[in-house]
Amino acid sequence: MSDAVRDGEDPLRAARRQKLEALRELGIDPYPVGFARTDEAAALEQRYAGLPAGEETGDTVRVAGRIRALRNSGMFIDLHDASGKIQVFSHKDHLPHDEIAKLRLLDIGDVIGVEGQVRRTPRGELTVNATALTMLSKALRPLPEKYHGLSDIELRYRQRYVDLIVNPESRDTLRRRSRIVAEMRAWLLARGYLEVETPMLHAIQGGASAKPFVTHHNALDLDLYLRVAPELHLKRLLVGGLADGVFEINRCFRNEGLSPRHNPEFTSLEIYIAYVGYIEMMRLTEGLLGHLAQAVTGGTTISYGGTTIDLAAPWPRRSMAELVEQATGIDFLALDAAGARKAASALGATLGAGAGWGHSLESAFALRVEDSLLQPTHVTGFPRDISPLAKADPADPRLVERFETYIYGWEIANAFSELNDPIDQRDRFEAQMQARAAGDDEAQPLDEDYVTALEYGLPPCGGLGIGIDRLTMLLTDSPSIRDVIAFPTMRPR
RNA sequence: GAGCCCGUAGCUCAGCCGGUAGAGCAACUGACUUUUAAUCAGUAGGUCUCGGGUUCGAAUCCCGACGGGCUCACCA
């Protein structure tokens, strides 16, 4: 009896441990260094696409991957690498006797290297006739069932490595996410914008209305916030003239509830471009998202959850008040703060202590309009009191030059003409401080240094933020944000 | 934070108006040897998430905890 069995280890793992020991007794290192492979599965499939069934080539290749299936006692092996599948044929006609004996020590899940000649079987499967098998990594745990795979949602997220091995859709989604970020970066760099990195650890939270995570720096004996947004630092770089357009693609952290559309850490693009206003940012949004859809799905018409969404530019621009009036018959622009509050409450809104006219309008919008904006729509006319970093609308002091782009009822982009008047900015911060004192713990505190930066002169600029996780959900038709995050936040088990 | 639902073998699932568990795949033993969800015969594998309660008896009913999903609230 092996140690494993004696220790009460699960018998499936014990069997594999015994095979591991058997390999070692044969003088085989089950975890050797490297393997000089010549080809990936997909490359072979492509190169030998014209090879007729039943034909042998005599071309020797070396492939490597994970055993996903063993048939006929190991005579046929499905070997999967990152590019695809290649079949391995282990027959005594090609393999020495002692190699054939080693087949008994192989398990589904093992990573092996194979040298052999390429052929296509009479049944049409591209195959490597193995002349040598090399154990590259012995797997001690069994893989999930071959047909249904791993469908337990919790296990898929907790053990993403298993999910990725057995579920091609999971691999595809995360690869598309990578592609989205790469294409986004390339598209922005091609337009001359500078990619930068700004602090994750903030002494003062700012840049968004959200609850932060707090951490502590020991040497400085200082509480720090994980950033809720990079906005204020990016605009400082614009003040400094580092470039006329700067962007950052990076993580933000918000200490809020989890849901199929919220993960405590998420990735956003934020970009600030000097000498343009929010209208230009609409065009940028349309251009960027259209390009990404094209790159990832091959077109600008996508399908999400059975809904067809047309991303072809231009997208309609509608003001928040107009949309709310259309949906409810209530013209918030004709109401004062008290009237708006009453109207929003009548629609079912629960408004906090410090809620003003803008909060009421926004609540009405969220309750009655948001979900209906399935096709891309730029929503403009945002209230000033919920937009402390946006430039006022010259035509209506209650509003700012801001828009949010809604797709499938979700806020996908948020942009404005950035407020660069340091005196106005200080007033806005002070209003936020009052809201904070009144109980709004998401109101943004005054960032004295940011105001100082504005006093040196921030060029007029447009800013834009896009949530990459939700965008990826849309472009990959993923029902949960956890599907597009490799390791979503989970409660420890 | 609230409501609803879920948790049975490594995986996918049956069993759930109470009588202490089954299948397929995976594993093991053997057969077969051009298969591809290989096939055939056999074997083994379970604190039924955990803790209480009701009961002669609980996977099953009740309560609580833990973990997960969805919805709502907060938010992107």
From the options B/C70, B/U36, B/G10, select the nucleotide whose nearest atom is closest to the side chain of A/P260. B/C70
So what does A/R68 hit on the nucleic acid, given a heavy-atom distance under 4.0 Å: a base, only sugar-phosphate, or nothing? nothing
Under a 3.5 Å threshold, yes or no: a donor from one side chain and an acceptor from the other, between A/Q159 and A/Y161? yes
What interatomic distance, in whole Å, is found between C1' of B/C4 and the corresponding atom of B/C13? 23 Å
At under 4.0 Å between heavy atoms, what does A/R158 touch on the DNA or RNA strands: base, sugar-phosphate, or nothing? sugar-phosphate
Give the nucleotide from the list B/A26, B/U36, B/G69 with an atom nearest to the side chain of A/I153. B/G69
In terms of side-chain heavy atoms of A/Y157, which of B/A27, B/A38, B/G69 is nearest? B/G69
Looking only at the side chain of A/K19 (C-beta and beyond, no hydrogens), which of the listed nucleotides B/U36, B/C28, B/G69 gets closest? B/C28
Apply the test side-chain hydrogen bond (donor to acceptor under 3.5 Å, both in side chains) to residues A/S387 and A/R402: give CA-CA distance (whole Å), side-chain angles for both, the deciding distance (0.1 Å), then the verdict. CA-CA 8 Å; A/S387 312; A/R402 173 181 179 184; 2.7 Å; yes
For the side chain of A/T121, counting heavy atoms from C-beta on, which of B/U34, B/C74, B/U29 is nearest? B/U34
A/Y450 and A/K235: side chain donor to acceptor below 3.5 Å: yes
Counting only side-chain heavy atoms from C-beta out, which of B/C74, B/G10, B/U71 sits nearest to A/K211? B/C74
Closest listed nucleotide, where the reference is the side chain of A/S151 and the choices are B/U36, B/G10, B/C13: B/C13
Does A/I165 offer a backbone N or O that forms a donor-acceptor pair with the side chain of A/R171 under 3.5 Å? yes
Out of B/G24, B/U33, B/A26, which has the shortest distance to the side chain of A/I108? B/A26
Sugar-phosphate, base or nothing in reach of A/I412, heavy atoms under 4.0 Å: nothing
Name the closest nucleotide to the A/T350 side chain, picking from B/G69, B/G30, B/C74. B/C74
Just compare B/C28, B/U36, B/A26 and give me whichever is closest to any side-chain atom of A/K146. B/A26
Within 45° of the axis and under 6.0 Å from the centre of the six-membered ring of A/F89, does NZ or CZ of A/R119 qualify? yes
